[in-house]
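Written out below as structure tokens is the structure these notes cover.
FYI, side chains are in, hydrogens and waters are out, and symmetry mates aren't considered; it's all heavy atoms of this structure. Remember, it's 1-based here, ligands and their atoms both numbered in the order they're listed.
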Amino acid sequence: MTTEAERKMQFLFALRSRGVTDARVLHAMEQTDRLRFVTGLFAERAYEDMPLPISCGQTISQPSVVGLMTQALNVQPRDKVLEVGTGSGYQAAILSHLARRVYTVDRHRRLVRDAQAVFDELGLVNITSMTADGSHGVPEQAPFDKIIVTAAAEDPPGPLLAQLRPGGIMVLPVGQSDAVQSLIRVERTDEGYEYEELRAVRFVPLVEGLGQE
Ligand code: SAH
């Protein structure tokens, strides 16, 4: 029989073997129990490296992809980070251990409410969650040091590019929602934007407007 401690060890081992090597990211992921963000039938698979269904027809991302995206974002302790696509809240919780402040938005009110309840239980007081169409960003809190988008758009949304601080980094999947997408890293320089393609991924689509409850 596998104990919970063994399962967690295997979880971290799987992350490392899939390229999540940054010690601070691994530590933040070790501190963030994925089981808290998965409910119902799928709870027993919380420590497996696979995406799982959550409510509102959405998914909690695959842990190794969460790790690789967080690593590519190079979050620093003073950073103000925006996440578009709160979902279960798992990614935001990991970011909260690495950044000064995390703003996370989702178009589904119910997901935001459930994620906020977990943040409260875990005492993650540096996360602000909001129900909004995140493709417009959060202008009143801009600029951001880092932006992570966890739903796929065809192209990087203009308002998000504009809300990135010079020197800032954005990581997001781009491409058609029903095809394989590319995870890209955008760095804002004084002259413009530099794009780097990281790997193939598959995310739910970035959808305009608020979700129907
Ligand atoms: N980061 C999440 C996984 C997100 S799944 C986690 O750690 O669990 C993608 C999420 O993006 C979904 O919850 C979906 O509702 C949300 N989403 C899609 N389009 C959006 C938009 N325009 N604005 C905000 N959220 C959006």
Task: Geometric class of the Phe11/Tyr47 ring pair [parallel <30°, tilted 30-60°, perpendicular >60°] - done: perpendicular

Open item on the list: Donor-acceptor check, side chain of Glu191 to backbone of Thr189, threshold 3.5 angstrom: yes or no?
Closed with: no

Open item on the list: To check your reading of the model: name the closest protein heavy atom to atom 14 (C) of ligand 1, its residue, and the distance in Å.
Closed with: Gln58 OE1, 3.4 Å

- [ ] Heavy-atom distances under 4.0 Å are what count here, so tell me which part of Ile54 touches ligand 1: side chain, backbone, both or neither.
- [x] neither

TODO: Identify the protein heavy atom lying closest to atom 20 (C) of ligand 1, giving its residue, its atom name and the separation to 0.1 Å.
DONE: Arg107 CD, 3.3 Å

TODO: Starting from atom 22 (N) of ligand 1, locate the nearest protein heavy atom and write down its residue, its atom name and how far away it is, to 0.1 Å.
DONE: Val207 O, 2.6 Å

Task: Structural part of Pro205 in contact with ligand 1, heavy atom criterion under 4.0 angstrom - done: backbone

- [ ] Write out the residue and atom name of the closest protein heavy atom to atom 11 (O) of ligand 1, then the distance separating them to 0.1 Å.
- [x] Gly85 CA, 3.3 Å

Task: Minimum-distance protein heavy atom relative to atom 8 (O) of ligand 1 - done: Ser88 OG, 2.6 Å

Open item on the list: If we set the cut-off at 4.0 Å for heavy atoms, which region of Asp133 has an atom near ligand 1: side chain, backbone, both, or neither?
Closed with: both

TODO: Please indicate whether any nitrogen or oxygen in Thr150 is less than 3.5 Å from any nitrogen or oxygen in ligand 1.
DONE: yes

Task: ligand 1 contacted by Thr86 (non-hydrogen, < 4.0 Å) - done: yes

Open item on the list: Tell me the closest heavy-atom pair linking Leu111 and Gly87, and the distance in Å.
Closed with: CB-O, 3.6 Å

Task: Taking every non-hydrogen atom, the tightest pair across Gly134 and Val84 - done: O-CG2, 3.6 Å

TODO: Return the minimal non-hydrogen interatomic distance between Val138 and Met130, and the atom names on each side.
DONE: CG2-CE, 4.0 Å

Task: Matching residue for Ile147 among Leu164, Leu172, Val186 - test: side chain to side chain contact (heavy atoms under 4.5 Å, CB included) - done: Leu164

TODO: Could you grab the distance from atom OG1 of Thr32 to atom CD of Gln91, nearest 0.5 Å is fine?
DONE: 9.5 Å

Task: Mode of Ala92 contact toward ligand 1 - side chain, backbone, both, neither (heavy atoms, under 4.0 Å) - done: neither

- [ ] Would you mind checking which non-hydrogen protein atom is closest to atom 23 (N) of ligand 1, with the distance to 0.1 Å?
- [x] Gly134 N, 2.7 Å

Task: Side chains of Val149 and Phe203 in contact at under 4.5 Å (non-hydrogen atoms) - done: no

Open item on the list: Counting neighbours of CD on Gln76 that are heavy atoms of other residues, nucleotides or ligands and sit closer than 6.0 Å, is the number greater than 12?
Closed with: yes

Task: Protein contact of atom 3 (C) of ligand 1 - nearest heavy atom, named by residue and atom, plus distance - done: Thr59 O, 3.3 Å

Open item on the list: Applying a heavy-atom cut-off of 4.0 Å, say which part of Gln91 lies close to ligand 1: side chain, backbone, both or neither.
Closed with: both

Open item on the list: Can you report which non-hydrogen protein atom sits closest to atom 13 (O) of ligand 1, along with the distance?
Closed with: Asp106 OD2, 2.6 Å

TODO: Please examine the side chains of Arg34 and Leu52, heavy atoms only from C-beta on, and report whether any two atoms are closer than 4.5 Å.
DONE: yes

- [ ] May I ask whether Gly211 places a heavy atom under 4.0 Å from ligand 1?
- [x] no

